[in-house]
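Heads up, the thing below is written out as structure tokens.
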Amino acid sequence: MRLYNSLTRTREELPPAPGPIRMYVCGSTVYQRIHVGNSRPFVLAMWVKRWLESQGYVVRLVHNITDVDDHVYEEAAKQGIDSRVLADRATAWFFEDTNDLGLGRPDVEPRASETIPEIIALVRELIGRELAYESQGDVYFRVARFGEYGRLSGAQLEDMIAQEPSELKEDQRDFALWKSQKAHEDAAWDSPWGLGRPGWHIECSAMAEKYLGPDFELHGGGNDLRFPHHENELAQSLGAGRPFARVWMHNGMLQLDAEKMSKSLGNVVTLRNVLDVWGREALLLFHLSGHWRQPVDFNDEVMAQAAAQAESLRNAFRSPGAPGREEEFRAFEKALNDDFNTPQALAVLHEWRREQKVGLMRRGLEVFGLASLAVPDTAPSDVQRLAHERQAARDARQFAQADELRDQIEAAGWEVRDATGGFELVPRPG
RNA sequence: GGCGCCGUGGCCGAGUGGUUAGGCAGAGGCCUGCAAAGCCUCGUACAGCGGUUCGAGUCCGCUCGGCGCCUCCA
């Protein structure tokens, strides 16, 4: 299995099975329903986990929930509710929506608010190493003192400008590890520097170490996190003497009208909405259709194409098929083991579909959480009765009556298809 | 301005030097009482211009166009 590593800009071989593969993936900030764009790193992480496990690896996936953040305070204030209440509510939405993807859960889903002691310990360590300094209740990371700063993003320190300008910083390029409590912030934690809360980046360094140890194999997240978030994570952990992540996977952004879907631009479609309108299978097929590193456009047309694909795959399981030979699975493995090339793997699935090798199909689809496509449909008894009546009419060559019964079946939401030696009932799409 | 990515047939989208990617849509046909599903056939695709090479979508250069990051963002 090899994967493209953003840090080294090459494809790198993963250690052989059983690994272990320790993975950390940056999750969402919870203050509203997540959008479809947010589903991409989650889906990718779960697929990689499921695939590696099916290949005999031992995988531990940590996916964090950022529940302490400026946005949480702001949104809570706007709604006039307690910020912890909002964070808990949005966390519940997050679980609800991602559960409906039907991919299972990461092994650990820690929250920033539950990792405060570890965060404080790490900040103290960085201060001890003179890589960080306290300034009126805030603590900042001393960027210029960390020689490798810029390695991940490829940026030169000299080209960098301020990150959140502040009078309290020695150098405007420094970033916050700890922020003192502000007047409008209704939740704060005690620390050696007074009441406050963690900066955004430090939580990931702390949580990754807490649940995976000082070094691990894979780190994922959206491409937009490469700088400053991941650059800062790397600086904090490397600065504190941890080896940290070896391979960095940055997924491409979802685009809406050729523009990145993001909360700040306001051009978002919630995951909830997509699940309700198109269903999980079409959404997963949509994610499958583009390589994880490429940006992908999200719109009704591509979703309709994904839905059509789901239907065509499902049809394969509605007629008799063959298991397929074990060695034929190699083509599927080859695609996924080469930088997790899901469009290629999808092409292999379609090849099997044409050949009616449903055994192989089922095995491949299972990896992507799409085994549901193989589940047979069961029509309600009244629809089945109508279908039997229609069959009898057909056998008696009373086609007008048969067609009328077909109309009734369709009105009930089912489609009847004549097959050799009988009929099939399938739900009408939409 | 700095760093990086991308431009493939109506649409989506793989493919890092040499035999058809694949899917969706469309056309024709087979099958069917009629359908549906399925199957068969059909598209001189690689932004443009140079260059390297026996040979380039695939390497190099330039041009045009698009996107991301450099500030919160998956």
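Nothing here was measured: the structure is a model prediction, and the numbers come from that model. Every chain is numbered from 1 and lettered A, B, ... according to where its sequence line falls, protein lines coming before strand lines.
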query: Would you say a side-chain N or O of A/S264 is under 4.0 Å from OP1 or OP2 of B/rU71?
result: no
- request: Looking at every strand, decide which applies to A/R354 at a 4.0 Å heavy-atom threshold: base, sugar-phosphate, or nothing.
  value: sugar-phosphate
- request: For A/G27, report the nucleic acid contact type (base, sugar-phosphate, nothing); a contact means any heavy atom under 4.0 Å.
  value: sugar-phosphate
- prompt: For atom C1', what is the distance between B/rA21 and B/rU52, given to the nearest Å?
  reply: 28 Å
message: Angle between ring planes, A/H201 versus A/F175, binned at 30° and 60°: parallel, tilted or perpendicular?
response: perpendicular
- prompt: Do A/F286 and A/F298 have their ring centres less than 6.0 Å from each other?
  reply: yes
- prompt: So what does A/H229 hit on the nucleic acid, given a heavy-atom distance under 4.0 Å: a base, only sugar-phosphate, or nothing?
  reply: nothing
query: Applying a 3.5 Å limit to both distances, which nucleotide forms a Watson-Crick or G-U wobble pair with B/rC42?
result: B/rG26
query: If each of A/S262 and A/E301 is mapped to the nucleotide of RNA chain B with the nearest heavy atom, which maps nearer the 5' terminus, i.e. the 5' end?
result: A/E301
- prompt: Which nucleotide, B/rG15, B/rG68, B/rC72, lies nearest any side-chain atom of A/H71?
  reply: B/rC72
message: Base, sugar-phosphate or nothing for A/V426? Non-hydrogen atoms, less than 4.0 Å.
response: nothing
- prompt: Closest nucleotide of RNA chain B for A/Q356 versus for A/G252: which of these residues is on the 5' side?
  reply: A/Q356
- prompt: Base, sugar-phosphate, or nothing: which does A/K263 touch, judged by heavy atoms less than 4.0 Å apart?
  reply: sugar-phosphate
- request: May I have the distance from A/Y4 (atom OH) to B/rC5 (atom C1'), rounded to whole angstrom?
  value: 9 Å
- prompt: Touch check for A/R318, heavy atoms < 4.0 angstrom, all strands: base, sugar-phosphate only, or nothing?
  reply: nothing
- prompt: Is A/R390 touching bases, backbone alone, or none of the nucleic acid, heavy atoms closer than 4.0 Å?
  reply: base
- request: For B/rA74, take OP1 and OP2 only and decide whether either is under 4.0 Å from a side-chain N or O of A/N223.
  value: no
message: If I take atom CG in residue A/L373 and atom P in nucleotide B/rG23, what distance separates them, rounded to the nearest angstrom?
response: 16 Å
- prompt: Which of parallel (below 30°), tilted (30 to 60°) and perpendicular (above 60°) describes A/Y149 and A/F146?
  reply: perpendicular
field: Residue A/D224, side-chain atoms from C-beta onward, closest of B/rC12, B/rG33, B/rC69
entry: B/rC69
- prompt: When we call it a touch if two heavy atoms are under 4.0 Å apart, what does A/L254 touch: a base, just sugar-phosphate, or nothing?
  reply: base
- prompt: Is the backbone of A/Y31 close enough, under 3.5 Å, to the side chain of A/W93 for a donor and an acceptor to pair up by distance?
  reply: no
task: Looking at every strand, decide which applies to A/T29 at a 4.0 Å heavy-atom threshold: base, sugar-phosphate, or nothing.
output: sugar-phosphate
query: What orientation do A/W47 and A/F340 show, parallel under 30°, tilted 30 to 60°, or perpendicular over 60°?
result: tilted
N/O donor-acceptor pair, side chain A/R406 with base B/rA35, under 3.5 angstrom: yes
message: I'd like to know if A/D67 and A/R84 make a salt bridge, using a cut-off of under 4.0 Å between side-chain N and carboxylate O.
response: yes
- request: Compare the minimum distances between each of B/rC69, B/rG4, B/rC34 and the side chain of A/R9, then state the nucleotide with the smallest one.
  value: B/rG4
message: Please report the distance, rounded to the nearest Å, between NZ in A/K260 and P in B/rC67.
response: 14 Å
query: Would you call A/R246 and A/E12 a salt bridge, taking side-chain N to carboxylate O under 4.0 Å as the test?
result: yes
- request: May I have the distance from A/R397 (atom CZ) to B/rU32 (atom C1'), rounded to whole angstrom?
  value: 11 Å
- prompt: With a non-hydrogen cut-off below 4.0 angstrom, is A/S312 in contact with a base, only sugar-phosphate, or nothing?
  reply: sugar-phosphate
field: B/rG50 to B/rU41 separation - P atoms, rounded to the nearest Å
entry: 37 Å
field: Gap between atoms CG and P, on A/D407 and B/rA35 respectively (whole Å)
entry: 15 Å
message: So A/R353, base contact, sugar-phosphate only, or nothing? Heavy-atom distance under 4.0 Å.
response: sugar-phosphate
task: Using a 4.0 Å heavy-atom cut-off across all strands, classify A/F227 as base, sugar-phosphate, or nothing.
output: sugar-phosphate
- prompt: Roughly how far apart, to the nearest Å, are B/rC42 and B/rG9 at atom C1'?
  reply: 13 Å
query: Would A/Y133 and A/F141 count as a close aromatic pair, with their ring centres under 6.0 Å?
result: no
- line: Considering only heavy side-chain atoms of A/R417, the closest of B/rA37, B/rA14, B/rC70 is B/rA37
statement: Regarding the side chain of A/N341, the nearest nucleotide among B/rA74, B/rA14, B/rC72 is B/rA14
- request: Could you work out which one of B/rC6, B/rC72, B/rG15 sits closest to the side chain of A/Q294?
  value: B/rC6
query: Is any side-chain N of the basic residue among A/E167 and A/K169 closer than 4.0 Å to the acidic one's carboxylate O?
result: no
task: Write down the distance separating the P atoms in B/rA37 and B/rC24, rounded off to the nearest Å.
output: 11 Å
A/Q255 CD - B/rC5 P separation (whole Å): 16 Å
- prompt: If you look at every strand shown and take non-hydrogen atoms under 4.0 Å, does A/E351 touch a base, only sugar-phosphate, or nothing?
  reply: nothing
- prompt: Between B/rC72, B/rG22, B/rA74, which one does the side chain of A/P228 approach most closely?
  reply: B/rC72
query: Picking from B/rC5, B/rA74, B/rG33, which would you name as closest to the side chain of A/N38?
result: B/rA74
query: What does A/R226 touch in the nucleic acid at a heavy-atom separation under 4.0 angstrom: a base, only the sugar-phosphate, or nothing?
result: nothing
query: If you measure from the C1' atom in B/rU16 to the same atom in B/rC46, how many Å do you get, rounded?
result: 15 Å
field: Integer-rounded Å distance: B/rC12 P and A/Q309 CD
entry: 14 Å
- prompt: Is there a Watson-Crick or G-U wobble partner for B/rA56 with both distances under 3.5 Å, and if so, which one is it?
  reply: none
message: Whole angstroms only, please: what is the OH-P distance between A/Y73 and B/rC72?
response: 17 Å
